[in-house]
2 protein chains.
Amino acid sequence: MVTIKQVSEKAGVSSATVSRVINNTGTVKEKTRERVMTAMAELGYRHNVVAASLASNKTHTIGYVVPELHGSFFGAMMGGTEQALRQAKKHMLIATGHSDAQIEKEQIDALLSRRCDALILHVEAVSDEYLVSLVHQGVELVVVNRFIEEIGDNCISLDNVKGGYLASRHLLDIGHTKIAYIAGSLFKADGKNRLTGHQQALADMGVEYTDNLTYEGNFQAKSGTEGIRALVARGAKFTAVACANDEMASGAMIALRELGRRVPEDVSVIGFDNVDFASYLSPGLTTIDYPVQKIGSMAAHWVLERVYGHTRHEYQHILSPRLILRGTTSSPE
Amino acid sequence: MVTIKQVSEKAGVSSATVSRVINNTGTVKEKTRERVMTAMAELGYRHNVVAASLASNKTHTIGYVVPELHGSFFGAMMGGTEQALRQAKKHMLIATGHSDAQIEKEQIDALLSRRCDALILHVEAVSDEYLVSLVHQGVELVVVNRFIEEIGDNCISLDNVKGGYLASRHLLDIGHTKIAYIAGSLFKADGKNRLTGHQQALADMGVEYTDNLTYEGNFQAKSGTEGIRALVARGAKFTAVACANDEMASGAMIALRELGRRVPEDVSVIGFDNVDFASYLSPGLTTIDYPVQKIGSMAAHWVLERVYGHTRHEYQHILSPRLILRGTTSSPE
DNA sequence: TGATTTTATGAAAGCGTTTACATAATTGTG
DNA sequence: CACAATTATGTAAACGCTTTCATAAAATCA
């Protein structure tokens, strides 16, 4: 590996000067710059970012923890982040937490050991206090899809309660009163909040909530299918089903078809997230838009501003979901 | 930040010893190890991987270039990789190449500057020669979804020709002869190869290939929709349509429905990749399975073995696709 | 027990940069 | 043109580890 030293010798300057041209810092005469550039090209020099990071105490790397890599959701989110970071020449070190507190902590720890300049965390199992304590230790982090009052400034989240409300409110508005709910994992904040929204909508419209119409799934398509089967098996009567995400909604649609129930004629279905394939289904899935890419990019801008001193960007710390009307909902007979 | 030095003083040992207990190298007496561990705990020591990387010339980091982050495909692939790497305590530095040769090169360069121990590349625009030259320079890399004879050992790919063949052969086998083809971007190797497979299947079965039945899309859902419209507009007659991926297949299904053509009764549809949502569609999409997660994990194992000396794993450098029969194909009337 | 292995530890030289700080070269001013 | 101000460059000390080599301590052996 050729070093800055060798370049400096070849160019007849000191290594400090070479460093200056590499980083575009300080002042260097045009002619000198050219000599250095030529020397670098001729020697095939490649900057050693590891050494630079050690010396400068900046890695230009953002640690990113997401629960999983597969599926449509996190890719879209990371895509939003990446787009913003790439222009700033920052990179992302990616780790998965698998919704397990132990693993999440280990991964956060590993990313900090690697001296990431900041962390973007989509973690679900670790406690609020733990995240708060990290912030108090001076770790630069933004928590995504989760709102923690005490460090609200570090959070970017969607109003899941409102989303849940919007979904069920839509069903109520078009005339449904017997609405089943397939929830996400209730130990996760978003799973719980979306259900809360559903309950609020029912309450607002004077419809009684009953556990008998609710099934706790796990955000996976299969649990949507199982949810419908379980609901029907327990004799629940419903003309609509709200699901805590699109995967479960598509699973539910499959089960409904198996049972000979048409969507939306017999049963309306609404999802949540508006992942890319929601519009591929037929009928297209009515759902709640989760501006996931936007959230990803806001997280990036937060970091760019806070950690790297880029100019101010506009934030909302709590984004609003909105209803996306497609073909899976209609008024009951 | 507390350093190894401070730990060593507190524990009354040298920093070399502290390094030994951190890395589990050399020999250190149990009692000493404990003293060091205690000191680390009390001081809240956090290992500085950047410094360690500089000194040891290993970053334990794999650079990963994919075209995009959104969609179901690359997440699944990276998920396969991550799972294997996590156990080995390696991390992934992720970059996107956007199918642009310039960007792909820049990203590869950036990852090398960060001294990644190895690269996993899903690149589409950069030339074979460029990748070959990297390998000859001694860069440890595995190329995914692309086969380059000269560095075949570094490649893990799917036999796309065979996949294309399998898809169209299935349609032919069940009696179709008028088969439209919605291709992926033909400047990409997989787009081209899948089309080649289609053509071979036709030839094998004595059906003439005609450009009039082929539309070049871009692997996105919308281009599937446009493909059907264009085909119909140019008066093409077909009873089946093979698509170069599942996104375009779902786009095609949408267009077919708009035109009042039932799937599969009037037109059979087959996709490619078997991404997660293929089974959510209704009818479920018949497609070709791309064992993408497996490929991701094979890439990881290649690296673990080659770069980190882990024990030998079984490879196939060219994997075989297989047909997944679901509900979108049936014999023509 | 003294000699010989073996095991445990320390000293110190890197690893390839960045970045004060100091100094040299250049430009500007009256 | 002398002197001040400005611009350009160099020197050398970090940055926090790993790792070789030497040496000290402990264990083994005859």
Side-chain angles (χ1 to χ4, degrees), chain A residues 1-40 43-61 89 109-110 112-117 308-309, chain B residues 1-40 43-61 89 109-117 308:
Chain A
M1 281 285 90
V2 12
T3 71
I4 228 180
K5 192 80 200 310
Q6 300 172 44
V7 172
S8 74
E9 277 158 13
K10 175 136 195 167
V13 298
S14 75
S15 54
T17 299
V18 177
S19 174
R20 287 187 190 101
V21 351
I22 291 172
N23 297 296
N24 246 305
T25 57
T27 65
V28 22
K29 208 155 65 179
E30 185 53 27
K31 240 184 57 185
T32 317
R33 170 187 313 281
E34 276 162 19
R35 278 218 311 286
V36 171
M37 300 285 258
T38 312
M40 292 201 297
L43 294 173
Y45 173 76
R46 172 165 279 146
H47 191 46
N48 186 328
V49 175
V50 173
S53 294
L54 177 59
S56 68
N57 201 29
K58 278 253 164 294
T59 56
H60 301 282
T61 301
K89 296 200 180 288
D109 227 64
L112 291 175
S113 281
R114 279 159 190 265
R115 293 300 188 265
C116 290
D117 294 334
Y308 300 112
Chain B
M1 279 287 89
V2 14
T3 71
I4 226 179
K5 190 82 199 311
Q6 301 172 45
V7 173
S8 75
E9 278 158 11
K10 177 136 193 166
V13 298
S14 74
S15 55
T17 298
V18 177
S19 173
R20 288 188 190 101
V21 351
I22 291 172
N23 297 295
N24 246 304
T25 57
T27 66
V28 21
K29 210 154 65 180
E30 185 51 30
K31 238 184 58 188
T32 316
R33 168 187 315 280
E34 275 163 18
R35 277 217 315 285
V36 171
M37 300 284 258
T38 312
M40 294 201 298
L43 293 174
Y45 173 75
R46 171 165 281 147
H47 191 46
N48 186 328
V49 174
V50 173
S53 294
L54 177 59
S56 68
N57 201 31
K58 278 252 165 294
T59 56
H60 302 283
T61 300
K89 298 201 178 287
D109 228 62
L111 294 175
L112 290 176
S113 281
R114 279 158 190 267
R115 294 299 189 267
C116 289
D117 295 333
Y308 300 110

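We name chains A, B, ... by the order of the sequence lines, and we start the count at 1 in each one. Keep in mind it's a predicted model, so treat the numbers as computed, not measured.
Nucleic acid contact for Asn23(A): sugar-phosphate only, since backbone atoms but no base atoms lie under 4.0 Å from a heavy atom of the residue. Val13(B) comes within 4.0 angstrom of the backbone, heavy atoms only, and of no base. Within 4.0 Å of Thr25(A), counting heavy atoms only, lies no atom of the nucleic acid at all.
Atom-to-atom, CE of Met1(A) to C1' of dG14(C) comes out at 18 Å; the value is rounded to the nearest Å. dT26(C) atom P lies 5 Å from atom NZ of Lys29(A), rounded to whole Å. Atom P of nucleotide dT18(C) and atom CG of Leu54(A) are separated by 11 Å, given to the nearest angstrom. Between His60(A) atom NE2 and dT17(C) atom C1' the separation is 12 Å, expressed in whole Å. Rounded to a whole Å, the CZ atom of Arg46(B) is 19 Å from the P atom of dC15(D). Between the P atom of dG16(D) and the CD atom of Gln6(B) lies a distance of 9 Å, rounded to the nearest Å. Here dT18(D) presents its P atom at 9 Å from CG of Asn48(B), a figure rounded to the nearest Å. The NZ-P distance, from Lys31(A) to dT7(D), rounds to 19 Å in whole Å.
Looking at the side chain of Ala55(A), the nearest of the listed nucleotides dC15(D), dT26(C), dT18(D) is dC15(D). Relative to the side chain of Ile4(B), the nucleotides dT26(C), dT9(C), dT18(D) differ in distance, and dT18(D) lies closest. Closest contact between the side chain of Ser14(B) and the listed nucleotides dA11(C), dG16(D), dG10(D) involves dA11(C). Comparing dT17(C), dG10(C), dG16(D) against the side chain of Ala16(B) picks out dG10(C) as the nearest. Of the listed nucleotides (dT9(C), dG16(C), dG10(D)), dG10(D) has the atom at the smallest distance from the side chain of Thr17(A). Closest approach to the Ala52(B) side chain among dC17(D), dG16(C), dA8(D) is made by dC17(D) (side chain taken as heavy atoms from C-beta onward). When each of dT19(C), dG10(C), dC17(D) is scored by its nearest atom to the side-chain atoms of Ser56(A), the top-ranked nucleotide is dT19(C). Of the listed nucleotides (dC15(C), dA11(C), dT17(C)), dT17(C) has the atom at the smallest distance from the side chain of Thr3(A). Side-chain atoms of His47(A) lie closest to dT17(C) of the nucleotides dT17(C), dT9(C), dC17(D).
Considering all non-hydrogen atoms of both residues, Thr3(A) and Tyr45(A) come closest at C-CE1, 3.7 Å.
If you take CD1 on Ile4(A) and CG on Leu43(A), they are separated by 12.0 Å, rounding to the nearest 0.5 Å.
Map Arg115(B) and Val28(B) each onto its nearest nucleotide of DNA chain C; the residue landing nearer the 5' end is Val28(B).
Remark: Asn57(A) CG is loosely packed, at most 12 non-hydrogen atoms of other residues, nucleotides or ligands lying under 6.0 Å away.
Side chain of Ser19(B) to backbone of Ser15(B): no donor-acceptor contact under 3.5 angstrom is found.
On a pure distance criterion of 3.5 Å, a polar donor-acceptor pair joins the side chain of Arg20(A) and the base of dG10(D).
Ion pairing of Glu30(B) with Arg33(B) is present here, as a side-chain N (NZ or NE/NH1/NH2) and a carboxylate O approach within less than 4.0 Å.
OP1 or OP2 of dT18(C) sits under 4.0 Å from a side-chain N or O of Ser19(A). Taking 4.0 angstrom as the limit, Thr32(B) places a side-chain polar atom (N or O) nearer than this to OP1 or OP2 of dT9(C).
Arg114(B) and Thr61(A) are linked by a side-chain donor-acceptor pair at a separation below 3.5 angstrom, with hydrogens and angles left out of the test.
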